[in-house]
There are 2 protein chains.
Amino acid sequence: MEKKLTKKQQKILEFILKFTEENSYPPTLKEIAGKFKITIGTIQDHVSALQRKQYLEKKPDTARGFKVVKTSAGNKVTPKSDMNYIPLYGSVAAGEPIFASDNIQGYVTMEKSPKGHHIHFALKVKGDSMTDAGIYDGDIVIVRKQDDADNGDIVIALIEDEATVKTLRNNKIKAYLEAANPRYKAIMSQPFSVIGKVIELRRQYLNT
Amino acid sequence: MEKKLTKKQQKILEFILKFTEENSYPPTLKEIAGKFKITIGTIQDHVSALQRKQYLEKKPDTARGFKVVKTSAGNKVTPKSDMNYIPLYGSVAAGEPIFASDNIQGYVTMEKSPKGHHIHFALKVKGDSMTDAGIYDGDIVIVRKQDDADNGDIVIALIEDEATVKTLRNNKIKAYLEAANPRYKAIMSQPFSVIGKVIELRRQYLNT
DNA sequence: AAATATGCCATATTGAATTATGGAAAAGAA
DNA sequence: TTCTTTTCCATAATTCAATATGGCATATTT
């Protein structure tokens, strides 16, 4: 089923991709022909080969009507609309509004989750209360906004207006939070509210 | 300096953006006119207004030659070309070629590093030899290809054809590798070669 | 050896898409 | 009010771009 591309076909497919990214619109047959110093007729052949092998779609009678659906390596082409920019908030001091826009330190890119329209945000972890769970000071956690979570989930909780990263322990009677570092005693029966669940951790080794 | 857009101009700019994402190529004047049930002449006016106000670029005499440079909200439009797709390799057994294309488990998206044309790849960590450095089994490390590194860097090293994640200890006389987990003794004076430096760690909490 | 796919050319034709021009009504700013 | 900008129309001209045809030389596969 999977037909492989020839070297020439690969080059042409890659050119179409690259051209589109650089110009924001795909090339014409003539422009492709110009790049490879061959004629339009030849490009017609290559393009129909690429279509036949299902790497490229083309709308008939349409200028620049190309759509690359697979790369030469066989990967699906992810459209830009499938990427999300998630705001990265710095650590928040008690009492301050968490999602203040002037607290945004930057943005983190992430592929859109296939199902569900969840809201995500990212937080920079401060402190060492989660080192036993492998979360260190300076790490970035990506959080999916939700106000409940399951036992064992790592969550962002609001305790007295301060956002903290903790593991949720839910023993059916009362939920409590637990710092992964045993030096901190578990915060029990304190009023808190879950504002999101940690779905990914990122740590950057910035030196050099 | 910043001219604001009228409602109509906003709608047209947004349509061009949306159309481009859906079709992979921008619309023609006629297609825009069709959407808004007005004539091409009118669209010409709108398009020149958008150009004048620096929201849209257009290559003359070029079919679909649009490039949206700013959204109606004033945000810069980030081209997809600023994103990199990095191959994610699974753990490799000894003797097998590391970068075999059939060992690619998927792709990881990452913003292009501003300077330098480094080659990156990602590896899924197997084993618990780095838990003390906060790297766990199943974590994904993003690696920048290079054959040297500094003292203290976490590197991917090749020891007897097996790729491993280790901390580099370079005491000027001889470099050796060190597993962050003390249960493993440091591998000293064994022949090895550095193939890259870990620049980022990602851990996904997949449940629910 | 014969059939098939690739890679290349040239030219003509049809259709698609941009540009040019000139006019006119309505809203907003000076 | 006057001026400018916006929003709209219609039509013609021109250039751009895709398609259609037919032919030729190499490889590859059956």
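Excluded from the calculations below are hydrogen atoms, water molecules and symmetry mates; all remaining heavy atoms, backbone and side chain alike, are included. Chain A is the first sequence line, chain B the second, and so forth, proteins listed ahead of strands; every chain is numbered from 1.
Distance A/I32 CD1 to C/dC8 P: 13 Å, rounded to the nearest Å. Look at CG on B/L5: it is 16 Å from P on D/dT5, rounded to the nearest Å. If you take CD1 of A/I38 and P of C/dC8, they are 5 Å apart, rounded to a whole angstrom. Here C/dT19 presents its P atom at 14 Å from CD1 of B/I43, a figure rounded to the nearest Å. Here the P atom of nucleotide C/dA16 and the NZ atom of A/K30 are 19 Å apart, to the nearest Å. One can place OH of A/Y25 at 13 Å from C1' of C/dT18, the figure rounded to the nearest angstrom. The interatomic distance linking B/K11 (NZ) with D/dT6 (P) rounds to 18 Å, in whole Å. With rounding to whole Å, B/I40 atom CD1 is found 9 Å from C/dT18 atom C1'.
For the pair A/R52 and C/dT6, the criterion of a side-chain N or O lying under 4.0 Å from OP1 or OP2 is met. A close approach under 4.0 Å does not occur between any side-chain nitrogen or oxygen of A/H46 and OP1 or OP2 of C/dT6. Between A/K8 and C/dC8 there is a side-chain polar atom (N or O) within less than 4.0 angstrom of OP1 or OP2. At the phosphate of C/dT6, OP1 or OP2 sits under 4.0 Å from a side-chain N or O atom of A/K53.
For the pair B/K35 and B/F15, the NZ or CZ position fails the cation-pi test of under 6.0 Å to the six-membered ring centre and within 45 degrees of the ring normal.
Nearest heavy atom pair, residue A/F36 against residue A/K8, reads CD2-CE, 4.1 Å. Heavy-atom minimum distance, B/N151 versus B/L168: OD1-O, 3.3 Å.
The local environment of NZ in A/K58 is crowded, with over 12 non-hydrogen atoms from other residues, nucleotides or ligands closer than 6.0 Å. The neighbour count for B/Q51 CD, taken as heavy atoms of other residues, nucleotides or ligands under 6.0 Å away, is above 12.
If you check every strand for non-hydrogen atoms under 4.0 Å, B/D61 touches sugar and phosphate atoms only. Residue contacts shown for A/Q44 include a base, since a base heavy atom lies under 4.0 Å away. B/T42 comes within 4.0 angstrom of a base, heavy atoms only. Among the heavy atoms of the strands lying under 4.0 Å from A/T28 are primed sugar atoms or P, OP1, OP2 only; no base atom is included. Note on B/T6: only backbone sugar-phosphate atoms sit closer than 4.0 angstrom, heavy atoms only; bases stay farther off.
Picking from C/dG7, D/dC8, C/dT18 the nucleotide with the shortest atom distance to the side chain of A/Q9 gives C/dG7. Residue B/K58 has its side chain nearest to C/dT19 when only C/dT19, D/dC8, D/dT6 are considered. Residue B/P60 places its side chain closer to C/dT19 than to any other of D/dC9, D/dT6, C/dT19.
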